[in-house]
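Written below as structure tokens is the structure these notes are about.
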Amino acid sequence: MMSLAARAGALSPYLQATHFAVAGPLKPLVPAFVVRSESVLLDVKKPFLCRESLNGQCPTRGPTVTVGLSAPASIRFAHTDIKVPDFSDYRRISVLDPKKSSQDSDNSRKAFSYLITGAAAVVSVYAAKTAVTQFVSSMSASADVLALSKIEIKLNEIPEGKNMTFKWRGKPLFVRHRTEEEITAEAAVNLAELRDPQHDKDRVMNPKWVIVIGVCTHLGCVPIANAGDYGGYYCPCHGSHYDASGRIRKGPAPLNLEVPYYEFPDDETVVVG
């Protein structure tokens, strides 16, 4: 054994394999060759192949093939020619120069972002406003319904001191032509005596005409005109008395008779609604 080891040690310089730069199994790098030594014959019948690198060329250094007496062949890859990909085509021109400060570019990009964000916000608000307006308009009453919601009354057909009842929106409407005595009496009423204090001038546009909805504020009954203790309206259902201005003066009703919206196109006509 000692003799065998001594002879093997003497042959070791001749058994060192030559290093070959190869990269993989695709492209031939070196032609076929034969390595001869006194004791070992390495017959390489096929050329080594290499795989193309990222730049399309085989590397100058590849796997190193080492063959020794005491160990089998081993391969160590050493790619040293890989280049970092260049993304300059995808970068902004203002940031390509490494010596130039990027502050100006940052400011311009911020300004552009703020402009786009502001424009998008304005368009969104306008679109939302339009959508809400159209939705609300679709829920409002049509023109024919609005026409039925108004009533025109000829005042010259109502004698002084009398009350006439009209139907408006399914409710009775009282239109009273007051005398001068009634106007004076209702204007002199002490508001402290009223359950629902309201001055006569706040309930009428023209002192001669009192226009109220003929529904009792107690339980919704219809009062009788020109009746009651105060000469205005009287609800016989539960005994509520109203004066000639439609204000509650006696009985269980908590509020005055409701005054609808109306206007006078001329001295002889009133439009309610």
Straight-line distance of Leu257 CG to Ile211 CD1, nearest 0.5 Å: 13.5 Å
Rounded distance [0.5 Å steps], OG1 in Thr165 versus CZ in Phe174: 4.5 Å
Once you round to the nearest 0.5 Å, how far does NZ of Lys201 lie from NE2 of His199? 5.5 Å
For Asp267, does the CG atom have more than 12 heavy-atom neighbours from other residues, nucleotides or ligands under 6.0 Å away? no
Could you check whether any side-chain N or O of Arg178 sits under 3.5 Å from a backbone N or O of Pro207, counting only pairs where one atom can act as donor and the other as acceptor? yes
Any non-hydrogen side-chain atom of Lys208 less than 4.5 Å from a side-chain atom of Ile183? yes
One should read off an interatomic distance between Glu181 CD and Glu186 CD, to the nearest 0.5 angstrom, of 12.0 Å
Could you give the distance from CD1 (Ile248) to NE2 (His218), rounded to the nearest 0.5 Å? 10.0 Å
Would you say the side-chain atoms of Arg203 pair up with the backbone N or O of Val212, donor to acceptor, closer than 3.5 Å? no
Among Asp229, Asn256, Thr217, side-chain contact (heavy atoms from CB on, under 4.5 Å) partner for Tyr242: Thr217
For residues Trp168 and Tyr233: do they belong to one hydrophobic cluster (side chain heavy atoms under 4.5 Å, members Ile, Leu, Val, Met, Phe, Trp, Tyr)? yes
Is any side-chain heavy atom of Lys154 closer than 4.5 Å to one of Thr269? yes
Describe, in one word, how the ring planes of Tyr230 and His241 are oriented to each other, choosing from parallel (under 30°), tilted (30 to 60°) and perpendicular (over 60°). perpendicular
Is it the case that one hydrophobic cluster holds both Ile224 and Ile158, taking links as side-chain heavy atoms less than 4.5 Å apart, direct or via other members? no
Any heavy-atom pair between the side chains of Val215 and Glu258 that's under 4.5 Å? no
Classify the ring geometry of Trp209 against His177: parallel below 30°, tilted from 30° to 60°, perpendicular beyond 60°. parallel
At their closest point, which heavy atom of Gly214 faces which heavy atom of Pro223, and how far apart are they? O-CD, 3.5 Å
Considering all heavy atoms, the nearest Ile151-Lys167 contact: CD1-O, 3.8 Å
How are the rings of Tyr262 and Phe264 set to each other: parallel, tilted or perpendicular (split at 30° and 60°)? perpendicular
Cluster overlap Val210 with Met205, hydrophobic side-chain contacts below 4.5 Å: yes
Taking side chain as C-beta onward, heavy atoms only, is Asp196 less than 4.5 Å from Leu194? no
Test item: Arg195 side-chain N/O and Gly251 main-chain N/O as donor-acceptor pair under 3.5 Å: yes
When you check the side-chain N and O atoms of Gln198 and Arg247, is any donor under 3.5 Å from an acceptor? no
Nearest-0.5 Å distance, CD of residue Glu182 to CG of residue Asp243: 10.0 Å
So Leu173 and Pro260, do their side chains get closer than 4.5 Å, heavy atoms only? yes
Locate the shortest heavy-atom distance separating Arg249 from Val189; write the atom from each residue and the value. NH1-CG2, 3.8 Å
Met164 reachable from Leu155 in the ILVMFWY side-chain graph, under 4.5 Å edges: yes
Do you know the tightest heavy-atom contact between Thr179 and Glu160? CA-OE2, 3.5 Å
